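All values derive from a computational prediction rather than experimental measurement. The chains referred to below are lettered A, B, ... by the order of the sequence lines, with proteins before strands, and numbering in each begins at 1.
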Protein chains: 2
Amino acid sequence: MDSAMTFAEPAAETCAGERDCKHGRGTNGCDDCKVRLFSVCGALEPTELDELDRLSQVKNFPAKTMLFDQGALAGSVFNVTEGIVRLYKSLPDGRRQIVGFALPGDFLGLALMDRYGVAAEAVTPVRVCRFTRAAFLNYVDGKPHLLRRLHEFAGHELSLAQDQMLLLGRRTADEKVAAFLLNLQARYGRIGAMSVNVPLPMSRQDIADYLGLTIETVSRTLTKLAKEKTVLVVPDGVRLLSTDRLDQLAAA
Amino acid sequence: MDSAMTFAEPAAETCAGERDCKHGRGTNGCDDCKVRLFSVCGALEPTELDELDRLSQVKNFPAKTMLFDQGALAGSVFNVTEGIVRLYKSLPDGRRQIVGFALPGDFLGLALMDRYGVAAEAVTPVRVCRFTRAAFLNYVDGKPHLLRRLHEFAGHELSLAQDQMLLLGRRTADEKVAAFLLNLQARYGRIGAMSVNVPLPMSRQDIADYLGLTIETVSRTLTKLAKEKTVLVVPDGVRLLSTDRLDQLAAA
DNA sequence: GCCCAGCATTGATGTGGGTCAAAGCGTCCA
DNA sequence: TGGACGCTTTGACCCACATCAATGCTGGGC
C-alpha cells in the first residue's frame, strides 16, 4: 500500500564529497565536514583543507541534545553534516519561536558574536564538525576571500529571516504550511535529489513553533491539504501531489 | 497644555561627529557620513576617511521616495544620516511586512548581494550617503578589519531579525506594541539623548505592518495604554509614562 | 478662515485560529 | 502480545484580532 513508502534519509545521498572531493581521506574521518565547508566557503587550497581537518572535531549528538543555549558564551562554530537541528528563541513563559532548521551543510554560530543569539537542539541524531571559536576566528582572519564568503553567507541568512518575517506577520495558516513544505523540499533538493517526498523529521509542535501557529492548526491544515489531494500525509513526512497548488497557496 | 509638547527632531542632536571627529570638514560636506561609517566600521585612518569622502555622495530624498525596490539590482550602499527609512517586503496581493526602520547611522544594502532583498522608502525626508556598490566593494576588499566589522554588523542584524520573528510569531498585540515603543526609545537613545519622549514619525499603518497587526489594533492598543497611564499619546509620538509597565508587557 | 484629503480613532460585528478535551495510533519495551 | 506513553488528529467552543463602517482630527492650499 502506498502510505508505507519510505523516505530517503536525506543525509544518506548528500555527500557529493565522496564523489567529487579531490582531497582524499582525512585522518579523523571527517570527509563530510571538509566537503561542507568547501561548499560554503568556496574553493580552498588542499593545504587549507588539511588545516581545517586539524582544527575540526567530529561530534555526534543523539536527538534532543542541546548543542548550545540562547545567551551562552559562543565557544564553538558548528557545521552540521548529518541530521537536523532546530534553532529557537523562547519567552520566559515558555512560548517558543523556532527561527530556523539547520540541515546538513548549514553552519551554526557563524555570526561570531560573543554569545549565541538562539538555542540549538538536535531534532534527529546529529553529526557535526565542531571548531572552537578561537581556532575558527584565527583561521579565518587574514583570509579575505573567506571573510567575503562568510559575509555573503550572513547576507543570505538575513534575507531568509526577512522572508520568514513576512510569513509570520502577514500570511494565513494555509499559506504558512504550504510555504514551509515547498521550502523544505527545495532545501532537501539542494543537498540530495529533488523529490516530491518531503520527510518531516521534526514534530508538529516544531512546525507550529516555526510558523507561529499551534500544533492543532498545523494538523488541521495538513488534513485539509490532504483532503483536497494537494499532499499525501504519510508517516514521517508528506508527498507533494500538487506543487502548483502549493505554489498558489504560498503566493510568492 | 501638556500635549502640545514638542519632540526633539532625533537627527538634530545626533551628530557626535561635530564634536568628536578629528578628521576635519570634508569637501562634500558629508561629515555626518564619515562619522557614521566611523561608528559602524571601527577606527579608520584619516587617509581612509578621505577615501570614503571621495567615494560617497550626499543625497536628499523627500518623504515617500523609493530609495530602491525589492529585487532591484543592488547598485548602491547607503548610509542614512538623517530621517527614517522603512524596509519592507510585499506579497502580490498588497499585504506588506515592514522588516525594519533605518535610523540615522544605519546602513542599507550592506548584505552586498546582487539584488536588494527588500524595498526601502523614505518615511520622513531623508539624507543619505551613497556609495556605488562597485566602489564600496572595491574599497572594502583587502581591508580585513573592515570586513570583520561588516560581518559583526551582519550578525547583529540577523539577531535583530530573529528577535522580530519571536515577536511576530509568539507575542500578543499588547506585547508587540510595548516592545516596539521600548525598542524605538532605545534606538533613539543610541543616536541622541535617551528620553521618555518617543517620536513616531511613521504612520499607524507602518507600525501595524511592522508588528503584523492592523492599523485599528495598533490604535486601540495605544488608546488602552494611554487609558491605563502607561503612555501619553501626543501628536507625532508618545511619552512613556511607565517604562516598568512596558517592560513587563514586552516580557523580554 | 474654510475646505478638503489623508490619517487616526472608535464602535459594531465577524472569523481565523487558539484553547480545551477526548480519542486514535504507533512504537517501544516487558 | 499488550499496554502505556508520546505524538497526532479531531471536535466543540471561544476569543483576540480582523473587518467593516462611521466619525473625528489636523494640516496645507486657496
Side-chain angles (χ1 to χ4, degrees), chain A residues 1 3-7 62-64 86 91 93-97 123-125 167-178 180 199-227 231-238 249, chain B residues 1 3-7 62-64 86 91 93-97 123-125 167-178 180 199-227 231-238 249:
Chain A
M1 103 189 235
S3 70
M5 69 190 230
T6 58
F7 287 90
K64 300 186 190 177
R86 59 177 161 250
L91 289 172
D93 63 7
R95 282 175 290 176
R96 186 178 70 155
Q97 178 67 41
V123 172
T124 64
L167 180 144
L168 289 169
R170 288 299 181 217
R171 294 181 121 133
T172 65
D174 288 2
E175 293 169 347
K176 286 176 176 180
V177 171
F180 172 68
L200 297 176
M202 67 291 287
S203 70
R204 295 287 187 270
Q205 186 65 65
D206 284 339
I207 299 174
D209 284 348
Y210 182 56
L211 300 177
L213 298 171
T214 59
I215 195 175
E216 293 94 335
T217 298
V218 171
S219 182
R220 274 189 257 269
T221 303
L222 284 174
T223 303
K224 189 170 130 197
L225 290 175
K227 282 211 179 100
V231 305
L232 181 66
V233 179
V234 294
D236 304 325
V238 294
L249 280 172
Chain B
M1 128 181 217
S3 69
M5 69 192 231
T6 58
F7 286 91
K64 300 186 190 178
R86 58 178 161 249
L91 290 171
D93 63 5
R95 282 176 289 176
R96 186 179 71 154
Q97 178 67 41
V123 172
T124 63
L167 179 143
L168 288 169
R170 288 299 181 220
R171 294 182 122 133
T172 66
D174 288 1
E175 293 168 349
K176 286 176 176 181
V177 171
F180 172 69
L200 297 176
M202 67 290 289
S203 69
R204 294 288 188 270
Q205 186 64 65
D206 285 338
I207 299 174
D209 285 348
Y210 182 58
L211 300 177
L213 298 170
T214 59
I215 196 176
E216 293 95 334
T217 299
V218 171
S219 183
R220 274 188 256 269
T221 303
L222 283 173
T223 304
K224 187 171 131 197
L225 291 175
K227 282 212 179 99
V231 305
L232 181 67
V233 180
V234 294
D236 305 323
V238 295
L249 281 173

Subject >> Whole-Å gap separating P (dA16(D)) and NZ (K176(B)) >> reply: 14 Å
Original post:
Roughly how many Å is it from CG in L200(A) to P in dT9(D), rounded to a whole number?
Top reply: 10 Å
Subject >> Minimum heavy-atom distance Y210(A)-Q97(A), with the two atoms named >> reply: O-NE2, 3.1 Å
**OP:** Go along nucleotides 14-29 of chain C 5' to 3' and tag each nucleotide: B for a protein heavy atom under 4.0 Å from its base, S when only backbone or sugar atoms are that close, - otherwise.
**Re:** ---SSBB---------
Subject >> Rounded to 10 degrees, the angle between the two terminal axes of the helix from dG1(C)-dC30(D) to dA30(C)-dT1(D), each from five pairs >> reply: 30°
Original post:
Quick one: which of dC7(C), dC7(D), dT8(D) gets closest to the side chain of K64(A)?
Top reply: dC7(D)
**OP:** Describe the nucleic acid contact of S203(A) in one word from base, sugar-phosphate, nothing, applying a heavy-atom distance below 4.0 Å.
**Re:** sugar-phosphate
Original post:
Any salt bridge between D174(B) and K224(B), counting N to O under 4.0 Å?
Top reply: yes
**OP:** In whole angstrom, give the distance that lies between atom CG of D209(B) and atom P of dC17(D).
**Re:** 16 Å
**OP:** Considering non-hydrogen atoms only, spot the tightest contact between L213(A) and R170(B) and give its length.
**Re:** O-NH2, 2.7 Å
Original post:
Within this structure, what is the CD-to-C1' distance between Q205(A) and dG6(D), rounded to whole angstrom?
Top reply: 13 Å
Original post:
Nearest-Å distance, CD (E175(B)) to C1' (dC17(D))?
Top reply: 14 Å
**OP:** Looking only at non-hydrogen atoms, find the nearest pair between L249(A) and E175(A) and report the distance.
**Re:** O-CG, 3.0 Å
**OP:** Without swapping roles, check the side chain of S219(B) against the backbone of I215(B) for a donor-acceptor pair under 3.5 Å.
**Re:** no
Original post:
Any side-chain heavy-atom pair from T223(B) and V233(B) closer than 4.5 angstrom?
Top reply: no
**OP:** Among R95(A), R86(A), R96(A), find the residue that satisfies the salt bridge (charged side-chain N to carboxylate O under 4.0 Å, His left out) test when tested with D209(A).
**Re:** R96(A)
Original post:
In whole Å, what is the span from the CG atom of L222(B) to the P atom of dC25(D)?
Top reply: 17 Å
Subject >> Least distance between heavy atoms, A63(A) atom then V123(A) atom >> reply: CB-O, 3.5 Å
Subject >> Nearest-Å distance for atom pair CE/C1', residues M202(B) and dG6(C) >> reply: 18 Å
Subject >> Length of the CG-P vector between L225(A) and dT10(D), whole Å >> reply: 13 Å
**OP:** Go through dT9(D), dC7(C), dT10(C) for me and flag the one nearest to the S219(A) side chain.
**Re:** dT9(D)
Original post:
So, for G169(A) and L168(B), which heavy atoms are closest and what is the spacing to 0.1 Å?
Top reply: CA-CD2, 4.2 Å
